[in-house]
2 protein chains.
Amino acid sequence: MASLKIPASVPSPAEDCEQLTKAFAGWGTNEALVIKVLAHRNAEQRKSICEIYAATFGKDLLKDLEKEVSGDFERALLLWTLCPAERDALLVNEATKMLTASNWIIMEIACTRSSHDLFMVRQAYHSRYKRSIEEDVAYHTTGDFRKLLVPLVSSFRYEGDEVNMTLAKSEAKILHEKISDQAYNNEELIRILSTRSKSQLNATLNHYNNQFGNSINKDLKTDPTNEYLTFLRRIIKCLTCPEKYFEKVLRYAIKGLGTDERALTRVVATRAEVDMERIKEEYHRRNSVPLDRAIAGDTSGDYEKVLLALIGHGDA
Amino acid sequence: MASLKIPASVPSPAEDCEQLTKAFAGWGTNEALVIKVLAHRNAEQRKSICEIYAATFGKDLLKDLEKEVSGDFERALLLWTLCPAERDALLVNEATKMLTASNWIIMEIACTRSSHDLFMVRQAYHSRYKRSIEEDVAYHTTGDFRKLLVPLVSSFRYEGDEVNMTLAKSEAKILHEKISDQAYNNEELIRILSTRSKSQLNATLNHYNNQFGNSINKDLKTDPTNEYLTFLRRIIKCLTCPEKYFEKVLRYAIKGLGTDERALTRVVATRAEVDMERIKEEYHRRNSVPLDRAIAGDTSGDYEKVLLALIGHGDA
């Protein structure tokens, strides 16, 4: 359910590199050509382009992109061109350094990637930053947020469909007890959310809903101003219905005056190759306007063009 | 520094399988032949033997071994024949099921394997048990032990040699403060032990020793009957000098009346291909008797023979 469009016959990485140098040549940059090439190649193809570019010209494509373009368009192109694991490693690293609460970007990456992909991010983080993700996350967070985030980024959840219904019932009961007692930072609650497979968790939360009459997220909404409760609800959304979570991030990034370009760019760059079609469907349903029209209304120029290309607008 | 001895010219896996069926044929088992084959092959070679055995005879070598041999010899052969990641997955799984405190077997595996090898164990655990290690460990432990064990088994430590001396100083100070306050289950202390690279941790603990006049393990020995303190000291030993840790496990397994065969077997089977030569050296230095003589004095029969073969006795 990726939105990325790849041409039926893909040029060789060498041909793509030639097009890119053509786009960079002389005064100014041919942005349309850059988009035509990079925004229509999958992760593996972009990786080959970067490798061939380095081997042919002895230069780093990402650094050349930085010189040629700027602003939101630059960030979108750079994030997109990076391979997924390196991109996520970069996003987590940025998030650990921000002073403002960017815990939820770390959480989003930990909870919406597959176990294997999350492990690839941890490997990429080693090579790029010479430290481990959990090390930086643990160092830069405190209190209840740390208690949740460290196990989430360290998790390697089982991904099979097997569900233990007895366990689902007993753990739904534990969750309900802890939430009723407002023990939101309880160890057992954190254990269940951070270690169980997504299938198992889903069974547990379904049972919660059936048995106690409310969805868990409704029960976690007693105080809408409590940041930690918001965080818990987002974790549950990421783990059980990521496309709804991403729809909401997009909705808030676009709505009102001004746009949250960083959020918009992040979601488009990280989901175009994964589940953007599902996210677009959710977006349209929830906002009564298609995502491409919403993006076109809120952005402009090459930034608009690259986002629309990535969400599947036009031909490859 | 492995102790395993492999013949200069290794027979093909098919030839080895033939020898094994010969050893299993008729009444009784030719144990010497089984040892001659299996106790002198590395992990990759044993894996090929298992694969060829299954492909040729349509049977599981491990199951056939179970039928042919028994007791301590059986356990030693089975543990040894498994590939390292599967063996560790099995040991962790057994440990989560035991009622008695076997937390330290889980800790030993989490702290003495390389980051990559520990990840392989987590993968093997998925395939074998359809759950994640952290899930089972978190479910089967409680309190302070859980707080330590879950991050330890989930860790993917950076393995480079880079050391940040400023950080080493500041974290040595944190450790010393927490230990002076007897806050042994403090979050910061757990964060440092469970996330820092082994090189970084070593620098921190060296600084601790230089700055505060005692090794951290001495400061953690205020109450020798406190199980949690013992556990912390073992973690530090596993992370900074695993060969000394394993020497001690062997010493306690062998000394006095009776032998702790499970511990003896575990250490020999898991370290023969890794650092058994260093462990033997430590053992000899600390006990004034070579490990092979100590094992020969405490065990007998085929069990003795397989252990001695694995620690490098005799010719391959």
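Side chains are part of it too, since the values below use all heavy atoms of this structure and drop only hydrogens, waters and symmetry mates. Order of the sequence lines fixes the chain letters, A, B, ..., with proteins taken first and strands second; residue numbering starts at 1 for each chain.
- Around atom NZ of B:K147, more than 12 heavy atoms belonging to other residues, nucleotides or ligands sit under 6.0 Å away.
- For residues 231-243 of chain A, heavy-atom neighbours of chain B at less than 4.5 Å comprise no residues at all.
- Contacts with chain A (heavy atom to heavy atom, under 4.5 Å) involve these residues of residues 187-201 of chain B, listed by number: B:E187, B:E188, B:R191, B:T195, B:R196, B:S197.
- Taking the six-membered ring for Trp and thresholds of 30 and 60 degrees, A:F119 and B:F119 have nearly parallel ring planes, at less than 30 degrees apart.
- For a heavy-atom cut-off of 4.5 Å, chain B lies close to A:E162, A:L167 in residues 160-168 of chain A.
- Chain B is approached within less than 4.5 Å, heavy atom to heavy atom, by A:R122, A:Q123, A:H126, A:K130, A:R131, A:S132, A:E134, A:E135 from residues 120-136 of chain A, ordered by number.
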